[in-house]
Amino acid sequence: MSIIYNEQNQTISLHTDNTTYQMKIGPLGLLLHTYYGPLMDGDASYGIIYRDHGFSPNPHDTGRDRTISADTLPLEYPCEAAGDFRAPALSISTEDGVLIGDMRYQSHRIIKGKYSLKDLPAVYAEESEAETLEVTLKEKFSEIYVTLQYGVLPSLDVITRTALIENRTDRKIILNQAASGSIDILSGEWDLIHFQGRHAGERSLERVALGHREELVGTRRGVSSHHQNPFVIIAERKANEEYGACYGMNLIYSGGFSCNAGTDAFGRVRAVMGIQPEHFDYPLEPKETFQAPEIALACSNEGFGRLSRIYHKMIAEHICRGPWKNKQRPVLINNWEATGPNFTAEKILSIAKKASELGVEMMVLDDGWFGKRDDDFAGLGDWYVNEEKLGCTMGKLAEDIRALGMKFGIWIEPEMVNEDSDLYRTHPDYALQIPGRDPVLGRSQLVLDFSREEVVDHVLDQICEVLDECKAEYVKMDMNRPLCDVWSLNSDTESRGKLQYRYVLGVYRFMEKLLERYPDLLLEGCCSGGGRFDAGMLYYCPQIWCSDNTDAIDRIRIQYGTSFGYPVRTMGAHVSACPNYDTWRSTPINTRAVVAMEGTFGYELDLNHISEEEMNEVKDQIRTFKKFGSLLHNGDYYRLTDVMNNHQEAAWMMVSEDQSEAILNIVVLDVTGNRPQRYIRLAGLDPEATYTDPVTDVVYPAAALMSIGFPIPRPHFPGTEWTRGAAEYEAFQIHLIKN
Ligand code: DGJ
């Protein structure tokens with residue numbers, strides 16, 4: 001039993017193998033949060049000190065007792081308007097704009113297995129792997145109910161949360177905010193770690209001290225965005241990669257979100273995360289319900305490394321689905337950086353031919369094959385093959401690619417339409433726009449109203465015709481602009497928040513239907529690079545293009561940030577041409593491959609244009625990836641350097657679950673003359689064992705590798721015994737086998 005209700009103490013404890021989460025049905029039925037931390041048996045509510053906090057308001061039914069205040073108690077699902085002035089999780093108003101909401105415990109039940117959500121992605125588990133707790137709160141003065149659902153996955157050390165809000169009154173109410181979950185922490189000094197960025201610069205780790213103010217991260221863009229990621233960590237001030245307490249909050253949702261975190265006047269921390277409340281105003285008619293997206297919580301007392309590995313396992317095994325979830329993905333080549341939208345079938349075949357000779361397994365045809373798509377001003381929405389441009393049918397191109405022994409994939413951007421398209425000319429009402437106003441353009445395109453089923457179905461039918469013809473094994477699903485003009489010309493939605501929410505459900509519906517129809521399809525997410533890299537998308541796409549920035553050195557930082565919340569095997573990463581089209585930096589092709597192997601691994605260039613020597617390297621790279629693919633993708637992942645602060649070298653490693661082998665990856669970032677020897681401290685090895693590097697036959701005691709470290713190699717000058725310091729941007733990949 002992982003969920004235990006103690007009737008005497010009125011506590012409900014949620015136990016995973018290594019953590020405990022506890023709540024208490026407190027005075028007046030207020031649902032209090034008492035504990036989240038290492039496994040614990042007992043009642044942690046002693047930590048809540050009841051006293052008059054000085055002018056903090058009290059519920060009316062406390063009478064003369066001023067020690068009970070929603071403003072100072074740690075709450076499970078804090079509601080605005082009940083005397084709590086900190087960041088709320090729930091905010092409700094009547095139609096006339098009156099804030100209401102005094103939520104009190106009503107009942108709870110414990111159910112075998114993990115709950116699932118209708119129309120929304122969520123962590124899934126076998127019945128024997130999880131338990132569910134449902135706690136129902138009722139508004140004191142009305143028939144408004146909130147059911148808090150908790151999924152407990154003991155062996156994963158994950159607790160999921162969500163909230164279902166029900167209007168059983170006979171009047172419409174407005175949800176100003178309905179977060180997925182919150183955490184109240186009673187003591188200590190804490191930081192917020194979040195992952196900010198921009199196009200071609202996603203998920204840069206930023207750490208800010210939580211002081212007596214509220215920090216707000218999130219996005220108004222309607223997609224989870226390049227600019228912030230819906231994954232945050234609340235970390236003890238002294239926590240680092242291997243040490244200290246930290247909590248992860250991973251929101252399984254792909255639309256606008258926010259996380260509000262701060263310290264209150266008495267030094268207690270609250271973090272609230274969910275759909276972005278700004279302009280949410282979700283109307284809930286009598287008998288209607290609103291389901292908040294799920295959030296996955298995890299807690300580590302051994303720093304960020306352990307926290308990340310919890311999420312890696314959760315996402316790889318309990319979010320990603322389908323036949324590709326555990327299968328090694330094909331090494332692919334994508335034509336985008338080589339050709340842009342200007343290509344013919346002949347050109348694509350020439351790229352594919354050389355790639356197949358070098359061992360690449362799949363050709364992906366990117367943007368430009370449909371409608372009048374010769375540049376990015378036209379064509380989106382017209383999902384019929386431009387045979388004139390291609391010079392043949394899609395079926396014929398796919399057949400020719402398969403004749404080379406390769407699989408075939410195509411690019412789509414189903415949520416979009418260009419004004420210059422047949423779809424827009426026929427159905428302008430399909431696009432989100434405000435009557436009487438010019439819509440805002442993004443990459444010269446408009447967003448289709450995916451909150452409407454007929455719009456989703458129309459696009460899906462068109463795309464399926466092409467897929468039926470070419471029998472693509474892979475689809476890259478892109479999305480290249482944020483949502484503005486959030487108004488539907490023909491919809492029953494009446495608030496920006498409701499429309500955006502239903503838009504996201506429409507995107508999920510599109511992907512679900514696509515996968516129902518093509519169950520073996522490998523779907524890769526994309527959003528101008530990594531602008532929608534979130535656990536919600538990973539429920540449908542087991543991999544997401546991490547960034548349009550394919551510069552190996554920039555990618556190290558982008559993939560480093562991404563690795564905090566997401567596993568390596570979900571990160572789309574390719575070797576591209578040098579100098580890099582964006583940074584104009586040149587790096588050795590080996591370095592580009594080592595970095596791309598910290599991801600799904602593939603190529604994004606015309607391999608006809610590289611030297612013979614590089615072609616041989618490509619062959620070797622593919623052989624290496626095939627040999628170590630399982631270790632690279634399924635091994636436990638360890639970040640060995642802090643790439644935000646260490647500018648000398650970057651290193652990471654993967655260790656097999658049984659610790660029998662490991663792969664160490666090092667990229668030298670900066671060099672100086674007569675450089676002191678640098679060492680990389682390894683992690684995750686069996687400390688009592690020795691490991692051999694089969695290339696040099698050197699035997700290393702693991703304990704020493706994890707304290708002195710592994711010396712950064714000094715390559716030989718060709719044909720001599722003399723060695724040199726590693727060069728700038730030189731990379732090393734070292735296989736270690738346990739003896
Ligand atoms: C943005 C993506 O991130 C690129 O990889 C490419 O697919 C282009 N869109 C195509 O328009």
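Numbering of ligands and ligand atoms starts at 1, following listing order. One is the number of the first residue; the rest follow in order along the sequence.
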Among Asn335, Thr550, Asp478, which one puts a heavy atom closest to atom 1 (C) of ligand 1?
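Closest candidate by heavy-atom distance is Asp478.
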Which of the numbered atoms in ligand 1 are under 4.0 angstrom from any heavy atom belonging to [X]?
X	value
Ser528	1 (C), 3 (O)
Cys526	2 (C), 3 (O)
Lys476	4 (C), 5 (O), 6 (C), 7 (O)
Trp545	3 (O), 5 (O)
Asp367	10 (C), 11 (O)

Determine whether [X] and [Y] make a side-chain contact, defined as any pair of heavy atoms from C-beta on separated by less than 4.5 Å.
X	Y	answer
His427	Val417	no
Arg402	Glu473	yes
Leu332	Glu524	yes

Decide whether [X] and [Y] meet the rule of one side-chain donor and one side-chain acceptor closer than 3.5 Å.
X	Y	answer
Thr550	Glu337	yes
Arg585	Tyr729	yes
Thr219	Gln228	no

Of the protein's non-hydrogen atoms, which lies at the shortest distance from atom 4 (C) of ligand 1, and what is that distance?
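Nearest neighbour among protein heavy atoms for atom 4 (C) of ligand 1, to 0.1 Å: Asp548 OD1, 3.4 Å.
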Under a 4.0 Å heavy-atom limit, does Arg443 contact ligand 1 with its side chain, its backbone, both, or neither?
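Near ligand 1, Arg443 shows its side chain, while the N, CA, C and O stay back.
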Specify side chain, backbone, both or neither for Asn480, according to which of its non-hydrogen atoms lie closer than 4.0 Å to ligand 1.
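Just the side chain.
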Is Arg373 close enough and on-axis enough to Trp383, meaning under 6.0 Å and within 45°, for cation-pi?
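The answer is no; the distance or angle limit is not met.
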Quick one: does Asp366 get an N or O within less than 3.5 Å of an N or O on ligand 1?
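There is such a contact, yes.
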Is there a polar contact, in the sense of an N or O pair closer than 3.5 Å, between Cys527 and ligand 1?
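No - when backbone and side-chain N and O of Cys527 are compared with those of ligand 1, no distance drops under 3.5 Å.
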Just how far is it from atom CD of Glu346 to atom CG of Leu397, taken to the nearest 0.5 Å?
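If I round to the nearest 0.5 Å, the distance is 11.5 Å.
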